[in-house]
Amino acid sequence: MLRNITLFTQSSIRIENDGKIMYVDPFGIEKNFHDADFIFITHDHYDHFSPDDIAKVRKSSTFFVLPRLLQSRAGGQKVLFVEPQKTYNVENLVFETVAAYNTDGRTYHPKSSGWIGYVLTLGTARYYISGDTDITPEALQVKCDVAFVPAGGTFTMDAQKAAELVNAIHPALAVPTHYGSIIGDRDCGKKFKRMVDPEIKVELLL
């Protein structure tokens, strides 16, 4: 289920499926690809909404999917502004949005901002790319086959909390993100893997 997926850094993901190229939060892109059919953005922090990196992957026909509060910063002709806890169908790509926010009094990602994660339905598999979040009631309701969850701590879940979420929603496969560069040391992925239910496969891509 990860055969056509690349994790660049932080939560920057490239997915190739059925002849379409999708990026979520492009960041740390080292060369010009200009191949994106879709670009999904979870929120406006610089390591998730990076105009310089977006410029490296976008092309004239790229379709952008953005949280509504990014409306004033969006460019391009094909843009969909989305809200949490909704289902959308864009050019035959079905996806759901999941609220992404902090729950422990931290204000890095307030619920009121409307930041989101995505559940992309690709073929028969569902891919949850959570964005920057803690364990939330909305995240605990996600049904997915693959989960990409932040494990670096400080701004998001740490490895322990990320494992708790994954164990609760129980995908077939889990990938920790958002560590090893800006925040969270390189061992966060290993810590996460040790705490995940052994029935769930864990892949370390960072």
Side-chain angles (χ1 to χ4, degrees), residues 1-28 36-43 47-48 57 65 82 84-90 92-100 115-152 156-180 184 188-206:
M1 286 185 281
L2 296 179
R3 182 180 57 186
N4 296 322
I5 295 179
T6 302
L7 178 59
F8 292 100
T9 187
Q10 288 292 86
S11 302
S12 175
I13 297 168
R14 179 185 186 272
I15 303 172
E16 183 175 356
N17 180 78
D18 197 25
K20 298 292 185 181
I21 304 296
M22 292 155 270
Y23 289 84
V24 182
D25 291 350
F27 180 71
D37 295 295
F38 298 91
I39 294 176
F40 294 85
I41 301 296
T42 62
H43 65 292
D47 52 334
H48 297 266
V57 301
V65 180
V82 296
Q85 308 308 122
K86 303 281 188 180
T87 299
Y88 298 89
N89 186 331
V90 177
N92 296 317
L93 175 63
V94 177
F95 63 92
E96 299 159 27
T97 55
V98 182
W115 304 144
I116 52 181
Y118 295 96
V119 180
L120 306 177
T121 299
L122 306 177
T124 60
R126 290 166 56 83
Y127 293 77
Y128 175 39
I129 302 168
S130 71
D132 281 9
T133 192
D134 289 327
I135 298 175
T136 67
E138 296 89 345
L140 288 168
Q141 295 301 311
V142 167
K143 307 294 184 185
C144 64
D145 301 288
V146 182
F148 292 83
V149 294
T156 68
M157 297 179 287
D158 60 13
Q160 179 180 346
K161 290 296 185 180
E164 287 180 19
L165 174 59
V166 164
N167 289 340
I169 65 177
H170 215 272
L173 175 63
V175 180
T177 66
H178 211 275
Y179 70 92
C188 288
K190 295 176 182 177
K191 294 174 186 175
F192 169 82
K193 187 172 184 176
R194 286 197 298 268
M195 290 182 281
V196 169
D197 186 326
E199 292 183 356
I200 301 170
K201 184 177 181 181
V202 174
E203 292 283 356
L204 303 181
L205 300 184
L206 287 177

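Judged by distance alone, the side chain of N167 and the main-chain N or O of M195 form a donor-acceptor pair under 3.5 Å. A donor-acceptor contact shorter than 3.5 Å is absent between the side chain of D25 and the backbone of S11. A donor-acceptor contact shorter than 3.5 Å links the side chain of Q85 to the backbone of A99. Judged by distance alone, with hydrogens and angles left aside, the side-chain atoms of T97 form a donor-acceptor pair with the main-chain N or O of K86 at under 3.5 Å. Checked by atom type and distance alone, the side chain of T177 pairs as donor or acceptor with a backbone atom of V149 at under 3.5 Å. Put simply, the side chain of S130 gets close to the backbone of F148: a donor and an acceptor are under 3.5 Å apart. The closest donor-acceptor contact from the side chain of S12 to the backbone of F27 lies under 3.5 Å.
Put simply, the side chain of V119 reaches to within 4.5 Å of the side chain of V98, judged on heavy atoms. Side-chain atoms of P26 and V57, non-hydrogen and from C-beta on, do get closer than 4.5 Å to each other. With a 4.5 Å cut-off on side-chain heavy atoms, D18 and L122 do not count as touching. No side-chain heavy atom of V24 sits less than 4.5 Å from a side-chain heavy atom of H48. Looking only at side-chain heavy atoms (C-beta outward), I129 and I15 come within less than 4.5 Å of each other. With contacts defined as side-chain heavy-atom distances shorter than 4.5 Å, the pair V65/Y118 qualifies.
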Please output the side-chain donor-acceptor pairs of residues 198-206 that fall under 3.5 Å, not counting sequence neighbours, one pair per line with the distance.
unit_1	atom_1	unit_2	atom_2	d
K201	NZ	E203	OE2	3.2

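Residue T156 holds its OG1 atom at 9.0 Å from CD of Q10, rounded to the nearest 0.5 Å. With values rounded to the nearest 0.5 angstrom, W115 atom CH2 is found 11.0 Å from I41 atom CD1. L7 CG to I13 CD1: the interatomic distance, rounded to the nearest 0.5 Å, is 5.5 Å. A distance of 12.0 Å separates CD1 in I21 from CD1 in I39, rounded to the nearest 0.5 Å. Atom CE of M157 is separated from atom CZ of F192 by 8.0 Å, given to the nearest 0.5 angstrom. For the atom pair CG of L120 and OH of Y88, the computed distance is 13.5 Å after rounding to the nearest 0.5 Å.
Heavy-atom minimum distance, A147 versus I169: CB-CD1, 4.3 Å. Taking every heavy atom of both residues into account, K20 and D37 meet most closely at CA-OD2, 3.3 Å. Shown here for K161 and I135, the closest heavy-atom pair between the two residues is O-CD1, 3.4 Å. Heavy-atom minimum distance, L93 versus T121: CD1-O, 4.1 Å. In terms of heavy atoms, C188 sits closest to G152 at SG-CA, 4.2 Å. In terms of heavy-atom proximity, A139 sits nearest to Y128 at CB-OH, 3.5 Å.
Screening residues 116-133 for salt bridge (Lys or Arg N to Asp or Glu O under 4.0 Å) gives E96-R126 as the qualifying pairs, with residues at least two apart or on separate chains.
In this structure D47 satisfies the salt bridge (Lys or Arg N to Asp or Glu O under 4.0 Å) test with no other residue, sequence neighbours excluded.
For F40 and F95, the gap between ring centers is short of 6.0 Å.
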